[in-house]
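In what follows, a single structure is set out as C-alpha cells and then discussed.
Residue numbers begin at 1 in each chain, while the letters A, B, ... track the order of the sequences.
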There are 2 protein chains.
Amino acid sequence: MDRSDDGAVVRAVSKDVRGPGGLDDLDRRILEVLRDDARMSNAELAAAVGVAPSTAHVRLRSLRERGVISGFVTSVDQRRLGRGLQALVHVGLRPGARRASIEDFAREIRGLPQVLQVFFLGGVDDFIVHVAVSDSSALRAFVVDHLSSKPTVASTTTSIVFDYYRNGVAASFG
Amino acid sequence: MDRSDDGAVVRAVSKDVRGPGGLDDLDRRILEVLRDDARMSNAELAAAVGVAPSTAHVRLRSLRERGVISGFVTSVDQRRLGRGLQALVHVGLRPGARRASIEDFAREIRGLPQVLQVFFLGGVDDFIVHVAVSDSSALRAFVVDHLSSKPTVASTTTSIVFDYYRNGVAASFG
DNA sequence: TATGAAAGGAATTGCAT
DNA sequence: ATGCAATTCCTTTCATA
C-alpha cells in the first residue's frame, strides 16, 4: 500500500529545484558570496545568504566534499612580490614532438615560480603561459631559458599584459 | 635619561632582511602557505610557518592592509556549474576604435557570467578572454553575441582549453 | 533538510618583554 | 617585533521539528 494518491502529494518545493551539478539556489548563493571573499566567517556567510549558521556550515562542507569548491586561494599583488610585469607567452610545439616529452616539458613549466597559469589548447600542440616577472630582461630570460631553448618548442610569441581583470577562479583540471 | 648606550644595541637580526616590496622571509612563507589554502585558521598558519599565533595574526593583517594580499577567492570546478567547456578567445580590435568605446566594450565583457578572466595586451588594441561555457554551441553564441557582432571588434580567434593549470592568483590591476 | 543550543576552539585586543 | 593572556566570537556537533 505505497500508493500516494491522496492528492496531497505535492512535495516539490521551489527551493528544491536543482540546476546543473545538483546545485540548488542556496548552494549558488553561497558560491557567489564566497567567490570573492573566501575567508569570510561561517557566521557572516550565513547572514549574507539568509540561513542559520549551522545550515551554512553543512552546505559549505557539502560543496567542498562534492568537489564543487576545489579550494580557497589567496590573490596576491604581483608588484609587491617584485613581479611588476606580466605576459602571456604563446608556445607552439614541434609537430613531431613525442607525447612523453611534451608532458615532461609541461610539468617543468608548471613548477616555475614565475608561472601563474598554463592553458593547454586545441589538442596537444599548443599552449599559453601566463607569467609574472620583475622586468623585461627577466621576461626575455624566462622565454629563452625555459621555452625557446627546449627542443620540444617550435615557436614562441610574447605579449605583455597591460591590464588584467578576474571574475572568478577555475579549478585546475584534474 | 633615555640613553641606551650600554653597548648592547646590536639589534640587527638576519630575519630582518627585506626583499622586494618590503617583504621579509616570514611574510613570504605566510603567502606561500596561504596561497592554496586561504581558509586556513590563524592557529594552523602560525604552526605552519613556525611562529606564535599572535605574530602570524599581526603579519597577516599587515599583508592585507598593505595590499600585498588583495583578497581571498574560491576556486570552483566549472563543470559542476554546468560549464564544462573552457576557451580562450583572442580578440582583435578595429584600428580606428575610439578609446571610450573600447573601454565601454571591455566593461561589458567583464560583466558577463561566462567570463573568468580578461587580459588586455600590448597596448589597447588586443585582448584575450578566458571563458567557461556549457558546450560548443554556447561558446559560439558567446563569441557571436558579445564579440563578433560588436563594431569595435575586427576579428576573433577561439581556442578550446583542453587542460588548465594554476600556480597562483594575481590581483586584478587597479 | 533546516534549525537552535551547548561545548569546545579560535580570533582579536591589549599589554609586557 | 614577538609572546602571552583575557574577552568575545565562532565553529562544530547533536537533538529536534
Would you call the rings of A:F119 and B:F119 parallel, tilted or perpendicular if under 30° counts as parallel and over 60° as perpendicular? perpendicular

Say whether A:V143 and A:V153 are linked into one hydrophobic cluster, either directly or through other cluster members, by side-chain heavy-atom distances under 4.5 angstrom. yes

Give the rounded distance in Å between these two atoms: CZ of A:R39 and C1' of D:dC9. 15 Å

Could you state the NE2-C1' distance from B:H57 to D:dA1, rounded to the nearest angstrom? 16 Å

In this structure, which one of B:T55, B:I30, B:D27 forms a side-chain contact (heavy atoms from CB on, under 4.5 Å) with B:V49? B:I30

Exercise: do A:R166 and A:S75 side chains pair donor with acceptor under 3.5 Å: yes

May I have the distance from A:L60 (atom CG) to D:dT11 (atom P), rounded to whole angstrom? 10 Å

Of all the choices, D:dT11, C:dT3, D:dT2, which nucleotide is nearest to the side chain of A:A52 once you look at every atom? C:dT3

Classify the nucleic acid contact of B:V58 as base, sugar-phosphate or nothing, counting any heavy atom under 4.0 Å across all strands shown. nothing

Within the structure shown, what part of the strands sits under 4.0 Å from A:R61 by heavy-atom distance: base, sugar-phosphate, or nothing? sugar-phosphate

In whole angstroms, the gap separating C1' of D:dC9 from CG of A:L45 amounts to 16 Å

How large an angle, rounded to 10°, do the end axes of the helix from C:dT1-D:dA17 to C:dT17-D:dA1 enclose when each is built from five base pairs? 30°

Gap between atoms CZ and C1', on B:R59 and C:dT13 respectively (whole Å): 19 Å

Can you run down the side chain to side chain donor-acceptor pair (under 3.5 Å) pairs that involve residues 154-164 of chain A, sequence neighbours left out, and say none if there aren't any? A:Y164-B:Q117

Between B:S136 and B:R140, do the side chains contain an N or O donor and an N or O acceptor separated by less than 3.5 Å? no

Starting at atom CD of B:E44, determine the distance to atom P of C:dG9, rounded to an integer number of angstrom. 14 Å

Among D:dC10, C:dT3, D:dG3, which nucleotide sits nearest the side chain of A:T55? C:dT3

Whole angstroms only, please: what is the CG-P distance between B:N42 and C:dT12? 7 Å

Would you call A:R83 and A:V133 a side-chain contact if the rule is heavy atoms closer than 4.5 Å? no

Using a 4.0 Å heavy-atom cut-off, does A:S54 contact any base of the nucleic acid, only the sugar-phosphate backbone, or nothing at all? base

